[in-house]
Asks: 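Here it is: the structure, laid out below.
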Amino acid sequence: MTLIRLPVPEEFSFDLSLQFLRRSPKELLHRLEHDKVLKLMQVEGKLILFTVMSGKGSLNIDILQGDLNPTGREIVRSYVREWFDLETDLRPFYKLARKDTLLRDLVRKYRGYRIIGQLDLFESLIWAVLGQQINLSFAYSLKQRFVEQFGQTIEHENQKHYLFPSAAKVSTLAPEQLLLLQFSRQKALYTIGIAQAFVEGRISKDKLSGMTLQEAKEELIRIKGIGNWTANYALMKTFRYPDAFPLEDAGLHNAIKNLMGLNSKPDVNRIKKIFKPYKGWEAYATLYLWKSLEDFISSSKK
DNA sequence: CGCCAGGTTAGAG
DNA sequence: CTCTAACATGGC
């Protein structure tokens with residue numbers, strides 16, 4: 001049994017992180033148990049199953065299955081640190097938000113909420129494509145079938161744990177195999193095309209790392225199926241650019257509409273104006289605006 | 001003939 | 001450069 005401790009910043013909420021990870025019961029890429037999360041990942045070619053739970057001023061990682069040498073342990077440690085966004089100092093953002101009526105209450109209510117990463121670029125792009133133009137619930141259904149059908153699995157204590165399907169595997173699929181899962185033809189072609197772009201080395205996380213936001217965005221948008229929204233989403237969740245955010249996102253528009261009591265969705269110029277004070281922190285402003293959607297749904301149901 | 005969803009593309013104007 | 005139809009189906 002291997003235990004790794006990871007110190008956490010003051011402005012960090014493990015509960016809010018778990019809440020996010022609990023968002024859909026159809027999620028197969030991690031499993032939630034009481035107050036901890038189990039995740040399967042590939043480390044130096046080996047499958048490693050670990051848990052993350054909260055400790056005193058730390059996150060504690062426990063390796064449940066798989067052998068790790070010191071290098072491997074370090075890979076898992078930095079993976080979790082990045083996954084839970086422990087590197088970011090949120091204080092400058094909170095300082096800005098306290099001056100803004102739109103976000104003031106939200107950052108107080110959800111203090112310590114951070115961007116849960118999607119560190120695998122391939123996964124991030126495919127997930128964004130699946131979510132294009134459909135409701136989240138259906139997007140999760142598509143993802144569930146996709147992962148069940150094409151992802152690698154292991155069994156641990158009678159439960160299955162899944163890896164996201166590899167680009168190599170997906171690149172060999174015929175569109176019809178995805179149509180069976182209720183992908184639209186368009187989504188099926190995008191999915192396979194993106195996988196082929198990875199296999200052929202036209203795109204990779206390494207290749208984009210170190211680029212400026214603008215450069216990386218342009219690289220991503222070259223790939224069919226990836227537009228501005230998807231590129232920004234990936235740059236936000238995978239590369240953690242704090243200033244990347246999907247300006248045209250429908251959820252974001254609804255959040256602003258609700259919070260400001262507008263009759264219709266805000267236009268692009270209004271959104272740009274709203275984000276102006278958050279230069280360099282747009283991703284976090286977006287995160288908290290998305291979070292506000294839950295409040296609105298639950299209050300409108302009452 | 002119900003409208004909108006965490007959009008993107010190709011093609012027209 | 002901007003605008004629009006087509007895409008496919010679930011959720012409310």
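Every chain is numbered from 1, with letters handed out A, B, ... down the list of sequences.
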Asks: Roughly how many Å is it from CZ in Phe138(A) to C1' in dA5(B), rounded to a whole number?
Replies: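 From Phe138(A) CZ to dA5(B) C1': 11 Å.
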Asks: For Leu189(A) and dA10(B), give me the distance from atom CG to atom C1', rounded to whole Å.
Replies: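 One finds 14 Å between C1' of dA10(B) and CG of Leu189(A), rounded.
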Asks: Could you tell me how far apart Leu142(A) (CG) and dC7(C) (C1') are, to the nearest whole angstrom?
Replies: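 Value for this atom pair: 14 Å.
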Asks: Taking for each residue the nucleotide of DNA chain C bearing the nearest heavy atom, is the 5' side occupied by Ser141(A) or by Phe183(A)?
Replies: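 The residue whose closest nucleotide sits nearer the 5' end is Phe183(A).
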Asks: Give the rounded distance in Å between these two atoms: CD1 of Ile134(A) and C1' of dG11(C).
Replies: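 Between C1' of dG11(C) and CD1 of Ile134(A): 12 Å.
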Asks: Taking atom types as they are modelled, is there a donor-acceptor pair under 3.5 Å from the base of dG11(C) to the side chain of Asn135(A)?
Replies: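 There is none.
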Asks: Can you tell me how far C1' of dA5(B) sits from CD of Glu248(A), to the nearest Å?
Replies: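 Going from CD in Glu248(A) over to C1' in dA5(B) covers 15 Å.
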Asks: Suppose you measure atom P in dG11(C) against the same atom in dC1(B); what distance do you get, rounded to whole Å?
Replies: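 That atom pair is separated by 23 Å.
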Asks: In whole angstrom, give the distance that lies between atom CG of Asn269(A) and atom P of dT2(C).
Replies: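 One finds 11 Å between P of dT2(C) and CG of Asn269(A), rounded.
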Asks: Please report, rounded to the nearest Å, how far the P atom of dG7(B) is from the CD1 atom of Ile194(A).
Replies: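 Interatomic distance, CD1 of Ile194(A) to P of dG7(B): 15 Å.
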Asks: Examine dA5(B): is either OP1 or OP2 under 4.0 Å from a nitrogen or oxygen in the side chain of Asn254(A)? Give yes or no.
Replies: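 Yes, within the criterion.
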Asks: Ignoring hydrogens and geometry, is there a side-chain-to-backbone donor-acceptor pair from Lys160(A) to Leu28(A) under 3.5 Å?
Replies: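 Not at all, since once roles are kept as given, no pair shorter than 3.5 Å links the two residues.
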Asks: Given dC7(C), dA10(B), dG10(C), identify the nucleotide with an atom nearest to the side chain of Gln186(A).
Replies: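 Closest nucleotide among those given: dC7(C).
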Asks: Check whether the side chains of Lys187(A) and Gln133(A) place a donor and an acceptor atom closer than 3.5 Å, and report yes or no.
Replies: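 Not at all, the side chains of Lys187(A) and Gln133(A) share no donor-acceptor pair under 3.5 Å.
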Asks: Measure from the side-chain heavy atoms of Asp249(A) and tell me the nearest of dA8(C), dG7(B), dA5(B).
Replies: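 Of the candidates, dG7(B) comes closest.
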Asks: Using heavy atoms to find the nearest nucleotide of DNA chain C for Ser137(A) and Gln133(A) separately, return the residue whose nucleotide is more 5′.
Replies: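 The answer here is Gln133(A).
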Asks: Tell me whether the OP1 or OP2 atom of dC4(B) has a side-chain N or O from Lys257(A) closer than 4.0 Å.
Replies: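 No, because none of the side-chain N or O atoms of Lys257(A) sits under 4.0 Å from OP1 or OP2 of dC4(B).
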Asks: Closest-nucleotide mapping onto DNA chain B: is Tyr140(A) or Tyr190(A) further toward the 5' terminus? I mean the 5' end.
Replies: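 With Tyr140(A) and Tyr190(A) compared, the 5'-side residue is Tyr140(A).
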Asks: Between Tyr278(A) and Tyr288(A) (judged by ring centroids, cut-off 6.0 Å), do the two rings come close enough to count as a pair?
Replies: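 No, too far apart.
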Asks: Rounded to the Å, how far apart are Glu176(A) CD and dA8(C) P?
Replies: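 Computing the Glu176(A):CD to dA8(C):P distance gives 12 Å.
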Asks: For the rings on Tyr140(A) and Trp127(A), is their centre-to-centre separation under 6.0 Å?
Replies: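 Aromatic pair counts; centres sit under 6.0 Å.
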Asks: For dG7(B), take OP1 and OP2 only and decide whether either is under 4.0 Å from a side-chain N or O of Lys187(A).
Replies: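 False: Lys187(A) side-chain N/O out of range (4.0 Å or more) of dG7(B) OP1/OP2.
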Asks: Base, sugar-phosphate, or nothing for Ile223(A), non-hydrogen atoms under 4.0 angstrom?
Replies: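 Sugar-phosphate: the residue Ile223(A), judged by heavy atoms under 4.0 Å, touches backbone atoms but no base.
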Asks: What does Ile226(A) touch in the nucleic acid at a heavy-atom separation under 4.0 angstrom: a base, only the sugar-phosphate, or nothing?
Replies: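 Since only primed, P, OP1 and OP2 atoms lie under 4.0 Å of Ile226(A), the category is sugar-phosphate.
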Asks: Tell me whether Gln132(A) contacts the main-chain N or O of Gly225(A) through its side chain, where contact means a donor paired with an acceptor under 3.5 Å.
Replies: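 Judged by distance alone, yes, a pair lies under 3.5 Å.
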Asks: Check whether any side-chain nitrogen or oxygen of Thr230(A) sits under 4.0 Å from OP1 or OP2 of dT8(B), and answer yes or no.
Replies: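 Yes, because at least one side-chain N or O of Thr230(A) sits under 4.0 Å from OP1 or OP2 of dT8(B).
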Asks: Considering just the side-chain nitrogens and oxygens of Gln182(A), establish if one lies under 4.0 Å of OP1 or OP2 belonging to dG10(C).
Replies: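 Affirmative; the distance criterion is met.
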Asks: Salt-bridged, Asp267(A) to Arg270(A), with N to O below 4.0 Å?
Replies: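 Salt bridge between Asp267(A) and Arg270(A), a charged N being under 4.0 Å from a carboxylate O: no.
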Asks: Base, sugar-phosphate, or nothing for Lys237(A), non-hydrogen atoms under 4.0 angstrom?
Replies: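 Counting heavy atoms under 4.0 Å across all strands, no contact is made by Lys237(A).
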